[in-house]
K.L.:
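Right, I'll just put the structure down here and ask away after.
Throughout, numbering of the chain's residues begins at 1 and tracks the sequence. Quick caveat, the model's predicted, so the values are computed rather than measured. One-based numbering, in listed order, for ligands and for the atoms of each.
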Amino acid sequence: MHQLAIRNVHVLDGSGRAPFLGDVAIDAGRLVEVGEIGAARRNVDGRGRTLAPGFIDAHTHDDGALLRHPSMWFKVSQGVTTVVVGNCGFGAVASARSPATRSMLSLSPTWIDLAGYRAAIESSPPALNAIALVGHNTLREATLGLESRRASAAEMATMRSTVASAMEQGACGISTGLLYAPGAWAPEDELVPLTEAVAPFGGIYVSHVRDEFDGLLASVDEALRIGQQAGVPTHVSHHKAAGRSNWGMVPRSLERIDDAVMSGQDVTLDAYPYTAGSGPMAQYFRNGIDPGLAEGMRIASCPSLPHYEGRMLVDLAAEQGCSLEDVVRQILDAPDADQAICLQFLADEGDIEANLRHPRVMIGSDGIPELRGKPHPRLVGTFSRVLGVYVRQRRVCSLPEMVRRMTSLPAQRFGLAGRGRIEPGFHADLVLFDPATVVDAATYDEPLRPSVGIELVMVGGEVVWREGHATSARPGRLLAHELGATIAP
Ligand code: ZN
Ligand code: CU
């Protein structure tokens with residue numbers, strides 16, 4: 001007698017093949033039978049619904065949210081059962097000595113290493129699983145402070161050994177955020193040796209590349225070179241061409257990646273399905289106020305000027321009869337300016353579709369889990385938006401293929417053994433959804449509305465989301481990276 005069965009359901013197993021009608025049985029948190037199964041104590045009728053492996057959010061900043069918002073409702077409500085944290089160069093490892101990271105991720109570290117972060121998560125577990133990257137910005141601030149200079153040999157040795165011990169403790173690789181301070185001050189010959197330190201563990205190099213605007217192609221080339229020289233796979237984060245003059249550059253950048261793959265390099269990417277990006281405002285104007293960037297900018301959250309939240313800077317400037325620069329300065333001079341998060345409308349819809357058509361692009365929400373104000377709707381809507389708008393309405397990609405890129409592909413990339421497939425022996429991380437109705441409901445003005453059509457979400461066989469509500473189950477863990485296969489060309 002099985003503990004639980006989901007019956008008469010269209011199974012999308014995560015491999016990319018067409019769905020088949022069948023039943024699945026779950027015992028002790030694992031899938032034990034798929035297809036024809038025996039009797040079960042509890043039965044869920046899956047008629048007319050599709051069952052897929054739980055989605056893996058390849059790019060998140062949920063490092064602090066796992067502890068602050070353990071229900072993780074904004075993720076499980078889209079069918080996400082695992083998040084990759086430590087992105088854009090900011091992560092839990094070494095965060096005790098990085099004030100920039102603590103403020104950016106709303107972390108209050110009581111730990112000194114990844115094992116300590118895991119213990120913190122175990123003592124107050126979240127609803128879903130996570131896997132961590134070591135963030136280079138965090139590491140650099142912890143080692144050199146916020147100084148724009150080269151690392152000394154001794155500092156390099158310290159950073160390398162921190163990376164290696166985090167890998168021993170289960171990190172899946174190293175991430176950089178070369179737009180941001182202090183990572184932007186690191187030359188390529190600092191990044192190669194630090195990335196080499198993940199190689200013996202089968203880790204990867206994940207990069208928010210140096211310049212997503214005019215310098216996109218050169219920056220993608222740099223990421224490819226670093227991965228190649230260090231002998232590890234390269235993963236490009238939130239691939240996009242930012243700024244109107246660069247629209248249409250994504251297909252060219254993808255060609256560079258295809259060429260690298262054809263020449264034997266293992267490369268993958270992630271993308272989110274929105275034309276707006278989002279991040280800490282101070283970081284965008286680190287080198288002065290660029291009015292071109294300010295023009296498409298909107299305030300997501302701003303604790304000291306909450307009435308600015310949800311407003312475009314151009315509208316605030318017009319209202320006050322002042323310049324865009326004046327408005328930016330008001331915000332950056334206010335207390336808690338490092339907490340000001342903005343949105344910028346900077347990408348092209350055609351570029352998003354080009355990304356979503358590419359077989360090596362997975363989905364990463366890149367949401368900032370700051371629930372005050374008007375956060376970017378990608379935090380809540382990314383996965384259901386891809387399925388509803390880009391798969392069902394626009395047919396940019398087939399459903400089985402997109403589910404593969406939300407499940408088995410990231411599971412392989414981030415070394416998540418036993419996840420990302422519906423197969424006997426795999427963990428019962430599952431999402432039951434209606435492919436005819438699934439879609440995002442979060443908008444720029446109503447960013448916290450949960451998705452439509454995501455009916456049941458399980459993590460390790462426990463229900464964490466059911467018909468519009470998070471349950472009280474908290475089965476999530478900080479997973480350890482396991483040596484995965486490389487992804488064949
Ligand atoms: Zn980033
Ligand atoms: Cu990011």
K.L.:
Over 60° means perpendicular and under 30° means parallel, so classify the ring planes of Tyr274 and Tyr272, tilted if in between.
P.N.:
tilted
K.L.:
Under 2.8 Å from the Cu ion (ligand 2), is there any N, O or S atom belonging to His208?
P.N.:
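No - counting backbone and side chain alike, His208 has no N, O or S atom under 2.8 Å.
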K.L.:
Quick check: does His61 put an N/O/S atom under 2.8 Å from the Cu ion (ligand 2)?
P.N.:
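Under 2.8 Å: His61 contacts the Cu ion (ligand 2) through an N, O or S atom.
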K.L.:
May I ask you to check whether Phe90 and His136 place their ring centres under 6.0 Å from each other?
P.N.:
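Ring-ring flag for His136/Phe90: false, centres at least 6.0 Å apart.
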K.L.:
Is His59 close enough to the Zn ion (ligand 1) to have an N, O or S atom under 2.8 Å?
P.N.:
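Within the cut-off used here (under 2.8 Å), His59 places no N, O or S atom near the Zn ion (ligand 1).
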K.L.:
Kindly assign one of parallel, tilted or perpendicular to the pair Phe55 and Phe383, based on the angle between their ring planes and the thresholds 30° and 60°.
P.N.:
parallel
K.L.:
Using the Cu ion (ligand 2) as the apex, give the angle to atoms NE2 (His59) and OD1 (Asp366), rounded to 10 degrees.
P.N.:
90°
K.L.:
Taking Glu349 first and then Arg394, would you say they form a salt bridge - that is, a charged N and a carboxylate O separated by under 4.0 Å?
P.N.:
yes
K.L.:
Where the Zn ion (ligand 1) is the corner point, what angle links ND1 of His208 with NE2 of His238, to 10°?
P.N.:
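Reported to 10°, the angle equals 100°.
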K.L.:
State which residue, out of Arg404, Arg357, Arg405, fulfils the side-chain contact (heavy atoms from CB on, under 4.5 Å) condition with Cys397.
P.N.:
Arg405
